[in-house]
Colleague: 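I am attaching a structure below and will ask some questions about it afterwards.
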Amino acid sequence: MGRDTITDIITSIRNADMNRKGTVRIASTTITENMVKILLREGFIQNVRKHWENKKYFLVLTLQHRRNSKGRYRTLFNLKRISRPGLRIYSNYRGIPRILGGMGIVILSTSQGIMTDREARLERIGGEVLCYIW
């Protein structure tokens, strides 16, 4: 675990998906809980539960998995970190990118909390572009 919790979340989920793992355990913080709520609401993960171990809370995510596993394996979803501690990327509500013509989502950190690109456009607020998910 590094200092950038968002990158740690994205990397853990991506690695578990590539290795066909069913669950992922990540540290529980306010940012991670808000991002996981968005992933759960958008249907990228199946279930979330909070787990207490060694005086710390962890989130245990159950990933969506494919029913037919014949042929070459492809990841179920892709995640890409955009804004990072060394280079922050901000966008107003008009400049928020659309991923795959609206099929993917952009997670933003705004003044009113962490939200998706659709919610930010409806609220007409911009913020820091955290990651793309498609």
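All residue numbers in this chain count up from 1 along the given sequence.
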Colleague: Under 4.5 Å between side-chain heavy atoms, counting indirect links through other Ile/Leu/Val/Met/Phe/Trp/Tyr residues: same cluster for Ile10 and Ile99 or not?
Modeller: no
Colleague: Can you tell me if Asp17 uses its side chain to pair, donor with acceptor, with the backbone of Ile13 under 3.5 Å?
Modeller: no
Colleague: To the nearest 0.5 angstrom, please state how far the CZ atom of Arg14 sits from the CD1 atom of Ile9.
Modeller: 12.0 Å
Colleague: Quick test of your reading of the model: are Arg81 and Asp4 salt-bridged, counting only N-O distances below 4.0 Å?
Modeller: yes
Colleague: With a 4.5 Å limit on heavy-atom distance, are the side chains of Val129 and Tyr90 in contact?
Modeller: no
Colleague: Rounded to the nearest 0.5 Å, what separation is found between the CG atom of Asn34 and the CD1 atom of Ile31?
Modeller: 8.0 Å
Colleague: Decide yes or no for Ile45 and Val36: does some side-chain heavy atom of the first lie under 4.5 Å from some side-chain heavy atom of the second?
Modeller: yes
Colleague: Do Leu130 and Ile89 share a hydrophobic cluster (ILVMFWY, side-chain heavy atoms under 4.5 Å, transitive)?
Modeller: no
Colleague: Looking at side-chain heavy atoms only, is the closest gap between Ile107 and Ile114 below 4.5 Å?
Modeller: yes
Colleague: May I have all residue pairs that pass ring pair (Phe, Tyr, Trp, His ring centres under 6.0 Å) and include part of residues 8-41, sequence neighbours excluded?
Modeller: none
Colleague: How long is the gap from CD1 on Ile105 to CZ on Phe77, to the nearest 0.5 Å?
Modeller: 9.5 Å
Colleague: Applying a strict under-4.5 Å side-chain criterion to I, L, V, M, F, W and Y, I'd like to know whether Leu100 and Ile82 cluster together.
Modeller: yes
Colleague: I need the minimum non-hydrogen distance between Pro97 and Val106, along with the two atoms involved.
Modeller: O-CG2, 3.5 Å
Colleague: Looking at Arg118 and Glu42, is there a salt bridge between them, counting it only when a charged N and a carboxylate O are closer than 4.0 Å?
Modeller: yes
Colleague: Please give me the minimum heavy-atom distance between Gly104 and Asp117, naming the atom from each residue.
Modeller: O-OD2, 4.4 Å
Colleague: Taking only residues at least two apart or on different chains, which pairs with a member in residues 26-35 satisfy salt bridge (charged side-chain N to carboxylate O under 4.0 Å, His left out)?
Modeller: Glu33-Lys50
Colleague: What is the minimum heavy-atom distance between Ala16 and Thr23, and which atoms define it?
Modeller: CB-O, 4.4 Å
Colleague: Once you round to the nearest 0.5 Å, how far does CG of Asn78 lie from SG of Cys131?
Modeller: 12.0 Å
Colleague: Does the side chain of Tyr132 come within less than 4.5 Å of Leu79's, by heavy atoms?
Modeller: no
Colleague: Report yes if some heavy atom in the side chain of Leu40 is under 4.5 Å from a heavy atom in the side chain of Lys37; otherwise report no.
Modeller: no
Colleague: Do the numbers put Arg121 on top of the ring of Tyr93, so that NZ or CZ is under 6.0 Å from the six-membered ring centre and no more than 45° off the axis?
Modeller: no
Colleague: Using modelled atom types only, decide if a donor and an acceptor are shared between the side chain of Arg49 and the backbone of Leu59 within a distance under 3.5 Å.
Modeller: no
Colleague: Are Glu53 and Arg25 close enough, and set up right, to give a side chain to side chain contact (heavy atoms under 4.5 Å, CB included), and what steps lead you there?
Modeller: CA-CA 11 Å; Glu53 185 178 316; Arg25 192 179 90 164; 3.2 Å; yes
Colleague: Are side-chain heavy atoms of Lys80 and Ile133 found at a separation under 4.5 Å?
Modeller: no
Colleague: To the nearest 0.5 Å, what is the distance between OG1 (Thr62) and NZ (Lys21)?
Modeller: 14.5 Å
Colleague: Can a donor-acceptor pair be found between the side chains of Glu128 and Ser83 at a distance below 3.5 Å?
Modeller: yes
Colleague: With a cut-off of 6.0 Å (strictly less than), are more than 12 heavy atoms of other residues, nucleotides or ligands near CZ of Arg41?
Modeller: yes
Colleague: Within the distance-only criterion (no hydrogens, no angle test), does the side chain of Glu119 pair as donor or acceptor with the backbone N or O of Thr116 below 3.5 angstrom?
Modeller: yes
Colleague: In terms of hydrophobic clusters joined by side-chain contacts under 4.5 Å, are Tyr57 and Val60 together?
Modeller: no
Colleague: Quick check against the 3.5 Å criterion: does Thr32 have a side-chain atom that pairs as donor or acceptor with the backbone of Ala27?
Modeller: yes
Colleague: Do any N or O atoms from the side chain of Ser28 and from the backbone of Phe58 form a donor-acceptor pair under 3.5 angstrom?
Modeller: no
Colleague: Would you say Ile96 and Leu108 make side-chain contact, with heavy atoms under 4.5 Å?
Modeller: yes
Colleague: Hydrophobic clusters here meaning ILVMFWY residues chained together by side-chain heavy-atom distances under 4.5 Å, can you tell me if Leu63 and Met35 are in one?
Modeller: yes
